[in-house]
Protein chains: 2
Amino acid sequence: MPIEIRPSQALKLWHDVTLDLVRSDTPDLTARQITILLTVYLEPPPHTVRGLAEKLGVTKPAITRALDTMGHQGLVARRRDEKDRRNVIIQRTVDGALTVERIGDLIVARAKDLPR
Amino acid sequence: MPIEIRPSQALKLWHDVTLDLVRSDTPDLTARQITILLTVYLEPPPHTVRGLAEKLGVTKPAITRALDTMGHQGLVARRRDEKDRRNVIIQRTVDGALTVERIGDLIVARAKDLPR
DNA sequence: CTATTTCGTTTCGGAGCCGTTTTCATCCGC
DNA sequence: GCGGATGAAAACGGCTCCGAAACGAAATAG
């Protein structure tokens, strides 16, 4: 059974969750950074710069820079692929997992509060 | 009856919708801009710079600049409050309403595709 | 062993957003 | 009227992001 939600509810949900994220003291993640974060934590590894760039439809330097920022915030880590040392594997971190978990709980809570 | 959704579904929904927004040709809106857009179109008017700044927990110049950008994209319009000419009223536009509607439909569609 | 391809990063100039501070117009108490 | 309070915008310096292009390291083809 899929999730049934009306457009007005969907928009209020998006509004409420985004507002919470804006008001939180953590630095705002860009849309690209959120997509990278969720991709790395939801989809099976391995994740590479090239793969993420293709998936998001942006250039590789954009991914590299996003990973710089997110790595500095402890949300992801980078490791050389020993099989093919040209590749960089993006790895999950404890802090990143906690952040993703927090976002998931936030969405669930806001969904629960929606008017029927 | 509230919307029931599990954390894993919630995160996948957020990922799918954000990815669609990143991949769309329209320029990425920041989290603040999305919050402003949805606030203006979901909550009853009037909306002022000061009111939005308080709600989002950011400074007024940040709102002014976001409105500059969004106004340039045709998503909102500004009008002087004739009752108190110090105030600026943020108004909805046809393009903004279409954008909001599109986002709502996108979320609904992505929610429908979620695995149970 | 050399030439080419692939992958990620760095560099570059340009653009946008940030908070603080200052400016400007308007309103209101006196 | 006039002085202070208020609302928004402008000015300012700093930071981050952008895509394009150049670069270096590593793998691969011949």
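Throughout, a chain's letter reflects where its sequence line sits, starting with A, and its residues are numbered from 1. Atom set for the values below is all heavy atoms of this structure, side chains included, hydrogens, waters and symmetry mates excluded. Keep in mind that this is a model prediction, so the values were computed, not measured.
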- request: Evaluate the side chain to side chain contact (heavy atoms under 4.5 Å, CB included) criterion for residues Ile89(B) and Arg80(B): first the C-alpha distance (whole Å), next the side-chain angles of each, then the deciding distance (0.1 Å), finally the verdict.
  value: CA-CA 6 Å; Ile89(B) 307 294; Arg80(B) 277 284 162 192; over 6 Å; no
task: Mind running salt bridge (charged side-chain N to carboxylate O under 4.0 Å, His left out) on Arg102(A) and Asp95(A) for me, showing each step along the way?
output: CA-CA 10 Å; Arg102(A) 190 177 61 81; Asp95(A) 277 1; over 6 Å; no
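Taking 3.5 Å as the limit, the base of dG24(D) and the side chain of Arg86(A) contain no donor-acceptor pair of atoms between them. In terms of polar N and O atoms assigned as donor or acceptor, the side chain of Arg65(B) comes within less than 3.5 Å of the base of dG19(C) in a complementary pairing.
Of the possible donor and acceptor atoms, none in the side chain of Arg110(B) sits under 3.5 Å from a partner among the backbone N and O of Trp14(B). Of the possible donor and acceptor atoms, none in the side chain of Arg32(A) sits under 3.5 Å from a partner among the backbone N and O of Val22(B). For the pair Thr93(A) (side chain) and Gly74(A) (backbone), a donor-acceptor distance under 3.5 Å is present.
In this structure, Arg50(B) reaches the sugar-phosphate backbone alone: every heavy-atom distance under 4.0 Å involves primed, P, OP1 or OP2 atoms, never a base. Heavy atoms of Arg80(A) sit nowhere under 4.0 angstrom from any nucleic acid atom. Heavy atoms of Glu82(A) sit nowhere under 4.0 angstrom from any nucleic acid atom.
Between the P atom of dT9(C) and the CD1 atom of Ile89(A) lies a distance of 11 Å, rounded to the nearest Å. In this structure, CG of Leu29(A) is placed 17 Å from P of dC17(C), rounded to the nearest angstrom. Between the CG atom of Asn87(B) and the P atom of dA5(D) there is a distance of 18 Å, rounded to whole Å. To the nearest angstrom, C1' of dA8(D) lies 10 Å from CD1 of Ile90(B). Glu54(A) places its CD atom 12 Å from the C1' atom of dT6(C), with the value rounded to the nearest Å. The interatomic distance linking Ile63(A) (CD1) with dT10(C) (P) rounds to 15 Å, in whole Å. dT16(D) atom C1' lies 14 Å from atom CG of Asp28(B), rounded to whole Å. Rounded to whole Å, the distance from CD on Gln73(A) to C1' on dT16(D) is 12 Å.
Between dC17(C), dC18(D), dA10(D), one nucleotide has an atom nearer to the side chain of Arg32(A) than all others, and that is dC18(D). Taking only side-chain atoms of Arg85(B), from C-beta outward, the nucleotide of dT26(C), dC18(D), dC18(C) with the closest atom is dT26(C). Of the candidate nucleotides dC18(D), dT20(C), dT9(C), dT9(C) has the atom lying nearest to any side-chain atom of Val49(A). Of the listed nucleotides (dC17(C), dG7(D), dG8(C)), dG8(C) has the atom at the smallest distance from the side chain of Val88(A). Proximity note for Asp84(A) (side chain, C-beta onward) versus dG19(D), dA8(D), dA27(D): the nearest is dA27(D).
Atom CG of Leu19(A) sits about 5.5 Å away from atom NZ of Lys55(B), to the nearest 0.5 Å.
The phosphate of dC17(D) (OP1 or OP2) has a side-chain N or O of Thr69(A) nearer than 4.0 angstrom. Not one side-chain nitrogen or oxygen of Thr64(B) sits closer than 4.0 Å to the OP1 or OP2 atom of dA8(D). Considering only side-chain N and O atoms, Thr59(A) lies nowhere under 4.0 angstrom from the phosphate OP1 or OP2 of dC18(D). Phosphate contact (OP1/OP2 of dG7(D), side-chain N/O of Arg78(B), threshold under 4.0 Å): absent. Listed pair Arg79(B) / dA8(D) fails the phosphate criterion, with no side-chain N or O lying under 4.0 Å from OP1 or OP2. Neither OP1 nor OP2 of dG16(C) sits under 4.0 Å from any side-chain N or O of Gln33(B).
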